[in-house]
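Remarks on the structure that follows.
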Amino acid sequence: MSEYTVSEYTVLLYSDDAAVRDRIRLAIGPRPAADLQVEFAEASTWEECRRLLDEYEIDLMMLDGEASPAGGIGIARQTKDEYLNPPPTCVVIARAADRWLAAYAQVDATIVAPLDPVTTGQTVAGLLRARRDGAVPLGTLGTIPR
């Protein structure tokens, strides 16, 4: 059996609905890939997202595009505008047609609900590996500190 290093990351789950946050957490799981382990931080408002971004090292934001009053696409854009080195963002959208709006908001990835655990895990793993390897999220003016 070969050995490899397991990297640990913090994923921020945002939705005003606790059931949606639970569905996202279950779709990702604690190990979205063999080399990745995640812990979750949860927020139900933009203010909570901001506090978590300010106080902790967040490696990925998983945002509910249907949340209210602040939707995930708006929070993604505001994060890109307000933070020099924001984490990558992934927005769960209800309609594939909303991808154009997510692209305009400089969202790094979208996933269409209902969430498929395989697709969700692959998307999250790709974003976290890219962050680990030094990729700069869309809309970022600075560089990711190592």
Side-chain angles (χ1 to χ4, degrees), residues 6-145:
V6 175
S7 300
E8 295 184 22
Y9 297 95
T10 301
V11 175
L12 185 140
L13 303 177
Y14 165 75
S15 178
D16 63 318
D17 185 338
V20 171
R21 292 192 306 269
D22 287 343
R23 285 194 292 274
I24 296 171
R25 182 188 308 90
L26 288 172
I28 297 170
R31 300 281 297 262
D35 60 328
L36 303 172
Q37 183 172 335
V38 297
E39 66 178 4
F40 298 99
E42 294 191 30
S44 61
T45 65
W46 165 234
E47 291 76 22
E48 289 176 0
C49 284
R50 182 180 281 132
R51 182 183 60 77
L52 290 167
L53 286 167
D54 290 344
E55 294 178 8
Y56 300 96
E57 183 175 337
I58 302 296
D59 298 298
L60 173 65
M61 294 178 70
M62 291 292 298
L63 308 168
D64 176 8
E66 302 302 308
S68 178
I73 292 174
I75 286 179
R77 180 58 190 236
Q78 195 161 351
T79 301
K80 302 286 180 149
D81 289 346
E82 292 184 12
Y83 288 85
L84 180 61
N85 294 307
T89 55
C90 180
V91 177
V92 178
I93 56 177
R95 297 162 299 280
D98 288 339
R99 284 194 169 118
W100 75 269
L101 185 57
Y104 179 76
Q106 300 175 338
V107 169
D108 297 283
T110 57
I111 301 174
V112 179
L115 298 177
D116 170 52
V118 172
T119 302
T120 303
Q122 290 172 341
T123 302
V124 167
L127 290 167
L128 291 174
R129 286 180 182 132
R131 182 165 177 86
R132 175 188 65 200
D133 296 340
V136 177
L138 292 174
T140 302
L141 298 176
T143 58
I144 295 175

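Note that these values count all heavy atoms, side chains included, but never hydrogens, waters or copies made by symmetry. Since the model is a prediction, treat every value here as computed from it, not as a measurement.
- Counting heavy atoms from C-beta on, the side chains of M61 and P86 never come closer than 4.5 Å.
- Across K80, R77, R131, a single residue satisfies salt bridge (charged side-chain N to carboxylate O under 4.0 Å, His left out) together with D108, and that is K80.
- Residues that satisfy the side chain to side chain donor-acceptor pair (under 3.5 Å) test with T119, not counting sequence neighbours, are D116.
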_What verdict does the side chain to side chain contact (heavy atoms under 4.5 Å, CB included) test give for D35 and R132, after you've listed the backbone C-alpha separation in whole Å, the side-chain angles of each residue and the deciding distance to 0.1 Å?_
CA-CA 12 Å; D35 60 328; R132 175 188 65 200; 3.3 Å; yes

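- Counting only heavy atoms from C-beta outward, the side chains of I111 and M62 approach each other to under 4.5 Å.
- When side chains are defined from C-beta on, Y14 does not count as touching V92, because their heavy atoms never get closer than 4.5 Å.
- Scanning both residues, G29 and V38, for their nearest heavy atoms gives O-CG2, 3.3 Å.
- In this structure the side chain of L60 never reaches within 4.5 angstrom of the side chain of P87, judged on heavy atoms.
- For the pair D59 (side chain) and V11 (backbone), a donor-acceptor distance under 3.5 Å is absent.
- Annotation: side chain of Q78 is not in contact with side chain of I75 (no heavy-atom distance under 4.5 Å).
- Taking all atoms of both residues into account, the shortest heavy-atom contact from V107 to C90 is CG1-CA, 4.4 Å.
- Between L12 and C49 the shortest heavy-atom distance is CD2-SG, 3.8 Å.
- Environment of CD in E82: crowded, with over 12 heavy atoms of neighbouring residues, nucleotides or ligands closer than 6.0 Å.
- Listed here is the closest heavy atom pair of A34 and V6: O-CG2, 3.9 Å.
- Side-chain atoms of V124 and L36, non-hydrogen and from C-beta on, never get closer than 4.5 Å to each other.
- Y83 has its side chain within reach of L53: a pair of non-hydrogen atoms, C-beta onward, lies under 4.5 Å apart.
- When every heavy atom of A125 is checked against every heavy atom of A33, the shortest pair comes out as CB-CB, 4.0 Å.
- Taken to the nearest 0.5 Å, the CG atom of L13 stands 10.5 Å off from the CG atom of L52.
- Across all their heavy atoms, V20 and D64 have their closest contact at CG1-OD2, 3.6 Å.
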